[in-house]
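The structure appears right after this line, and notes come after that.
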Amino acid sequence: MCGIVGYIGNQQAEPILMDCLARLEYRGYDSSGVAVRENDKSNDIKIYKDAVRVSVLQKQSPHFNGSTGIAHTRWATHGPPSLLNAHPHLDCTGRFAVVHNGVITNYQELKRQLIKEGHNIVSETDTEVIPHLIEKFYKGNLEEAVKLTAALLIGSYAIIVLCKDEPKLVVAKMGSPLVIGIKDCEKFIASDTPAIINYTNKVVYLEDGDFGVITEDRVVITRNGEEIHREEKKVNWCKEDAQKTGYDHFMIKEIHEQPKVIRDMILEDALSDSKLTIGEDVQSLKIIACGTSYNAGLIGEYIIEELLGIPTTVVFGSEFNHRRAIFPNEAIVITQSGETADVLSAMKTMQNAGVKMLAITNVPGSTASRLSDRTIYTRAGPEISVAATKSFIAQLISLYQLVLLHPDVDNNIREQLVTELKDLPTKVEKLFDLEPQIIECAKYIAQCKDAFYVGRGINFPIALEGALKLKEVSYIHAEGYAAGELKHGPFALLNKGVPVIAIVAQDGNHESMLISIKEIKTRDAYVIALADEEDDSIDSSIDVVLRIPHTHALLSPVLHIIPLQLLAYYTAKLMSCSIDFPRNLAKSVTVE
Ligand code: F6R
């Protein structure tokens, strides 16, 4: 779970590398480093790295004079965060520097052999074997040495190699993402597109098994020894998408972008591509996802069963290969990044079993989109905050759309839902009027140790997602429960003043939610209820009522999650937490 970048062009490399790297911190941020090939006669590789975040690296690093370089932001997997374990890694001679994202599973064996041959390996990482292997194989042709090296590596990698003797960058990809940004006499390489959209929106996505030789004005991609053409794609993201544009944090910026995301996604044409739905003869479905995307999947399960009657199960990507796989006719894979290793490994298993897959992903060209048969691209734009917000909403909208495109949906319900979907952006905007009241709730929660979220039916996953958001960014212990489950155990945890956030939707579960709240209040808990603006049955004993605009019950999760995202954000802000980059978390979890 690391981020890598490279630059070759006619500008000073270091500031560009630092800028790109800062935009990749969501992939990891326990160490960082940069290496530049000096623009003087020596062409020496100058390197600066430490167990620090990019902002600190930027301040501490001496300014190198060179227009070719590589950089890395690390999330430790092999060896703790330290100067020696930070990337870039060098060979014995200092002629080759390498940044790597992925895991080399056979590194111990390679390391033993290299040490036997006299190589001086100084770190505990799996990566360091790579520059030493390149050193061993180099006979005046960097590309050849990288290919010979890659042939020995088992595991996953995206690597960028810098060489003192050759004015180029060589890249190789297997299992970890790598994108090349193209601009006249400059080329940018990165793990993810958001890192480089400040500079170019023309990109080439590499595939597993590709090698690239990149100079200022050319990108040559080879595969199995043959030169191949990879199409240049235009990314519809703009610079501002990867900037805070006046907000304190990406998380709050992205929460506020949600009305626009919904508007962009419910364009007229989105409801007409009948290929992007579930097959008509499908008897059973599985939805595969992790984390927040899993919670979106639970809502998908609910609407698919409710509106189509197709038996559906949601499976964590991380569990799929750890139990007997009963393969469905079709699977829906939900992944913001399209790079979550657990999800990809489930996809590979399903691919081998011939299961048809529809991916819902936010990242064009991502591995999930390439492994699937069909892809719905959510139009959330780049999501930088580690805690997912706008991508969750975009996943929900995609799920509604794919269900509504199915011919078995009752026409009346389809019409109602399409009309209501179009009203959602305005209703979400109205929710932002609740911010002062939510900040007051955040002040209460910020001084608590635990918080509980309860919902029923289609809003049970919203209780899970609300709790996930709070624990991720504020580090307060939070649990989401199906309201009826409280009495089967968790009631033991309720005592005076414990905050319970209850989602009281105007649906068939309304009465039973009110009963659950009464039981919770009896234990003297502090109840914050999310209730429909038209709901006049809310008891005066409830401590805080957040009024939610009315919508169709099946769409209510979209409106309920937003106050809970805001609650998590403001609680974390009051507690001065590292909101966009919470401890121990990275946005794309590219290791299993
Ligand atoms: C939570 C969060 C994570 C991701 C999970 C899956 O806010 O962002 O739980 O949802 O790591 O990531 P994707 O959707 O990229 O597969």
Side-chain angles (χ1 to χ4, degrees), residues 1 3 24-28 75 176-177 191-194 249-252 254-255 258 287-300 314-320 331-348 357 359-372 375-378 380-396 398-399 453 461-462 464-475 478 480 561-562 564-569 572 577-592:
M1 291 186 297
L24 275 188
E25 265 200 318
Y26 60 82
R27 299 180 64 91
W75 199 240
S176 300
S191 302
D192 263 340
T193 322
H249 299 95
F250 280 108
M251 184 177 178
I252 188 71
E254 289 163 4
I255 292 173
Q258 293 179 111
I287 299 178
I288 316 292
C290 295
T292 287
S293 300
Y294 176 87
N295 293 337
L298 292 175
I299 292 171
V314 194
V315 185
F316 285 120
S318 55
E319 282 292 304
F320 192 87
I332 298 173
V333 175
I334 309 177
T335 166
Q336 186 283 130
S337 61
E339 302 296 347
T340 300
D342 289 322
V343 170
L344 298 183
S345 100
M347 286 184 87
K348 284 173 193 155
M357 287 180 280
I360 299 179
T361 182
N362 196 37
V363 180
S366 57
T367 310
S369 70
R370 293 197 303 267
L371 286 173
S372 59
T375 303
I376 298 181
Y377 285 111
T378 50
E383 189 175 63
I384 310 290
S385 157
V386 166
T389 54
K390 62 176 181 172
S391 64
F392 177 72
I393 287 293
Q395 290 166 348
L396 295 189
S398 299
L399 288 162
Y453 291 70
I462 293 301
L464 296 176
E465 177 59 12
L468 178 61
K469 286 290 89 84
L470 186 72
K471 58 189 148 194
E472 272 183 295
V473 296
S474 74
Y475 316 142
I561 191 55
I562 289 164
L564 303 187
Q565 295 169 343
L566 288 165
L567 185 61
Y569 172 75
C577 295
S578 167
I579 295 181
D580 286 334
F581 306 109
R583 71 181 179 213
N584 304 338
L585 297 180
K587 186 139 190 87
S588 300
V589 186
T590 54
V591 288
E592 282 179 52

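Residue numbers run from 1 in the order of the sequence given. We count ligands from 1, going down the list as the structure has it; atoms in each ligand are counted the same way. Just so it is clear, the values below take in all heavy atoms, side chains as well, and ignore hydrogens, waters and symmetry mates.
Residue, atom and distance of the protein heavy atom nearest to atom 13 (P) of ligand 1 are Thr340 OG1, 3.2 Å. Atom 4 (C) of ligand 1 has its closest protein heavy atom at Thr292 N, 4.0 Å. Ranking protein heavy atoms by distance to atom 5 (C) of ligand 1, first place goes to Cys290 O, 3.7 Å.
Remark: ligand 1 atoms within the under-4.0 Å shell around heavy atoms of Lys469 are 1 (C), 7 (O). Taking every heavy atom of Ala387 and a limit of under 4.0 angstrom, the matching atoms of ligand 1 come to 7 (O). Per-residue contacts place Val386 under 4.0 angstrom from the following atoms of ligand 1 (heavy atoms of the residue considered): 7 (O), 8 (O).
Under the side-chain hydrogen bond (donor to acceptor under 3.5 Å, both in side chains) criterion, Thr292 pairs with Glu465, Lys469, not counting sequence neighbours.
In terms of modelled atom types and a separation under 3.5 Å, the side chain of Glu472 and the main chain of Pro582 share no donor-acceptor contact. Under the 3.5 Å distance criterion, the side-chain polar atoms of Ser391 are left unmatched by any main-chain donor or acceptor of Ala388.
Ring geometry for Tyr569 against His249 counts as perpendicular: the plane angle is over 60°, on a 0 to 90° scale with 30° as the lower cut.
Counting heavy atoms from C-beta on, the side chains of Phe392 and Leu468 never come closer than 4.5 Å.
Taking only non-hydrogen atoms, the option from Ser391, Ser337, Ala289, Ala296 nearest to atom 15 (O) of ligand 1 is Ser337.
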